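Quick caveat: nothing in here was measured; it's all calculated off a predicted structure. In each ligand, atom 1 is the first atom listed, and ligand 1 is the first ligand listed.
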Amino acid sequence: MNGLLHHRRVLTIDDSLTVRNFLERLLSRWGAEVEQAASGEEGLSKLHQPGVQYDLILLDLVLPDINGLTVLQRLRKHDDQSAVVILTGEGGVKSAIAAVRDGADGYIEKQALVQGDDYAEFFYGLEQAMEHRAGIVTKKQLDSIKADFYAMITHDLRSPMGTIIMGLDMVLNDEKEPLTPHQRHILMLVNEAAEKTMRLINDYLDYAKIDAGYLKLNRHPIDLREVARDSVRLARVQADAKQQTLHVELPDEPVVANADPERMKQVLDNLLSNAIKYTPEGGEIWLRLYQKGFEAVFEVEDNGIGIPPELLPTIFAKYHRVPGQSRRGIHGTGLGLLIVKEIVKEHGGEVDVHSEGVPGKGTKFVMRIPL
Ligand code: ADP
């Protein structure tokens with residue numbers, strides 16, 4: 001038992017004195033502090049005592065006053081910390097399984113317990129139940145930490161960062177009081193750092209939403225060429241800054257899909273900015289959109305540094321960044337492609353990547369979404 005029961009508070013709720021005494025003797029031997037209740041109401045009154053917390057409750061389903069299931073439901077209303085193990089009589093397995101659905105952590109057949117003298121299975125059952133409950137408690141705590149962290153990032157980080165970016169923008173573009181070249185140079189660096197931090201924050205918040213299953217699409221029929229044109233506007237500025245050529249190949253006819261325009265733009269922004277980031281100065285980037293059968297296909301291709309083929313399956317994973325000399329100095333969060341993949345998946349589509357990992361031969365991302 002590895003001290004599992006040492007100093008643990010245990011409550012047995014069973015109408016049979018024999019069973020209660022038997023359990024008390026057995027569990028006390030392993031250091032547990034055992035209390036007894038002979039009925040459902042007595043059990044609940046013990047459970048409701050202020051400041052009292054039991055680690056383990058052994059609960060009979062057939063009680064003289066109220067049904068064991070009712071006891072379980074009532075205790076779970078205010079206690080999700082105690083592990084509850086149902087003690088079943090013969091033929092009671094069905095109701096024990098129902099109890100597990102209502103918040104019990106396991107069940108043990110009484111018959112086998114009282115008859116046998118090998119209690120390994122019994123203790124194993126208790127251990128499993130206590131671990132099950134510990135897992136639920138830990139998950140709840142983690143969820144609450146995550147929620148606090150999310151709120152902290154949104155309010156305590158993103159809001160002031162927005163103010164910083166706005167202030168910098170005002171100072172940098174103030175025509176009445178122009179900055180000296182030196183001041184401008186420094187503030188441009190500060191601005192770059194602030195923008196980078198903001199991207200990180202937004203990526204994290206998007207990821208947290210996806211992780212919690214809260215990514216909601218605002219879908220309606222849109223011409224995907226419009227999304228492409230929108231995204232190209234920003235990409236063109238980024239590409240020009242690196243003397244890269246951005247080729248845009250769109251069809252003459254509209255490509256209409258039921259999609260979320262903002263999220264689709266986010267996907268293209270991400271793929272295009274990666275293509276620009278991981279392609280040296282003077283390189284070339286292609287954005288293509290075409291219709292194939294009942295699908296719209298986007299391709300974002302570059303002739304940049306490429307991705308080693310053995311790493312291709314991992315680049316959509318969380319925080320994954322391809323290690324290597326040629327990537328030093330290129331900043332990113334490693335969340336971008338994960339978000340891309342999830343957004344495309346929510347649209348019922350998929351995204352693939354192709355690269356030979358040869359610098360100059362580049363990388364090609366192909367995204368398909370149903371029309
Ligand atoms: P990051 O924020 O690091 O760019 P992403 O999730 O967008 O994160 O991309 C994951 C990794 O995939 C990048 O760090 C980079 O190593 C690699 N990658 C993505 N796009 C390209 C590309 N077009 N060419 C080469 N490598 C790429």
Handout entry: Option of least heavy-atom distance to atom 14 (O) of ligand 1 (set: Phe365, Tyr278, Phe316)
Key =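 It is Tyr278 that holds the nearest heavy atom.
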Practice task
Taking only heavy atoms of Gly306 into account, list the atoms of ligand 1 that are under 4.0 Å away from them.
Solution key: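 The list of qualifying atoms is 25 (C).
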Exercise for the section: State the atoms of ligand 1, each with its element, that fall below the 4.0 Å cut-off from a heavy-atom position in Ala275. Expected result: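 Answer, ordered by atom number: 23 (N).
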Hey, are [X] and [Y] close enough for a salt bridge, meaning a charged N less than 4.0 Å from a carboxylate O?
| X | Y | result |
| --- | --- | --- |
| Asp15 | Arg20 | no |
| Glu299 | Lys364 | yes |
| Arg288 | Glu301 | yes |
| Lys292 | Glu295 | no |

Practice task
Give the contacting part of Thr279 toward ligand 1: side chain, backbone, both or neither, where contact means a heavy-atom distance below 4.0 Å.
Solution key: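 Looking at Thr279 and ligand 1, no heavy atom falls under 4.0 Å.
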Exercise for the section: Report the part of Leu337 (side chain from C-beta onward, or backbone N, CA, C, O) that has a heavy atom under 4.0 Å from ligand 1; answer both or neither where that applies. Expected result: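 It is both backbone and side chain that touch ligand 1.
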Problem - Residues which pass salt bridge (charged side-chain N to carboxylate O under 4.0 Å, His left out) with Lys140, listed by chain and number, not counting sequence neighbours - result: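 Listed in chain order: Asp80.
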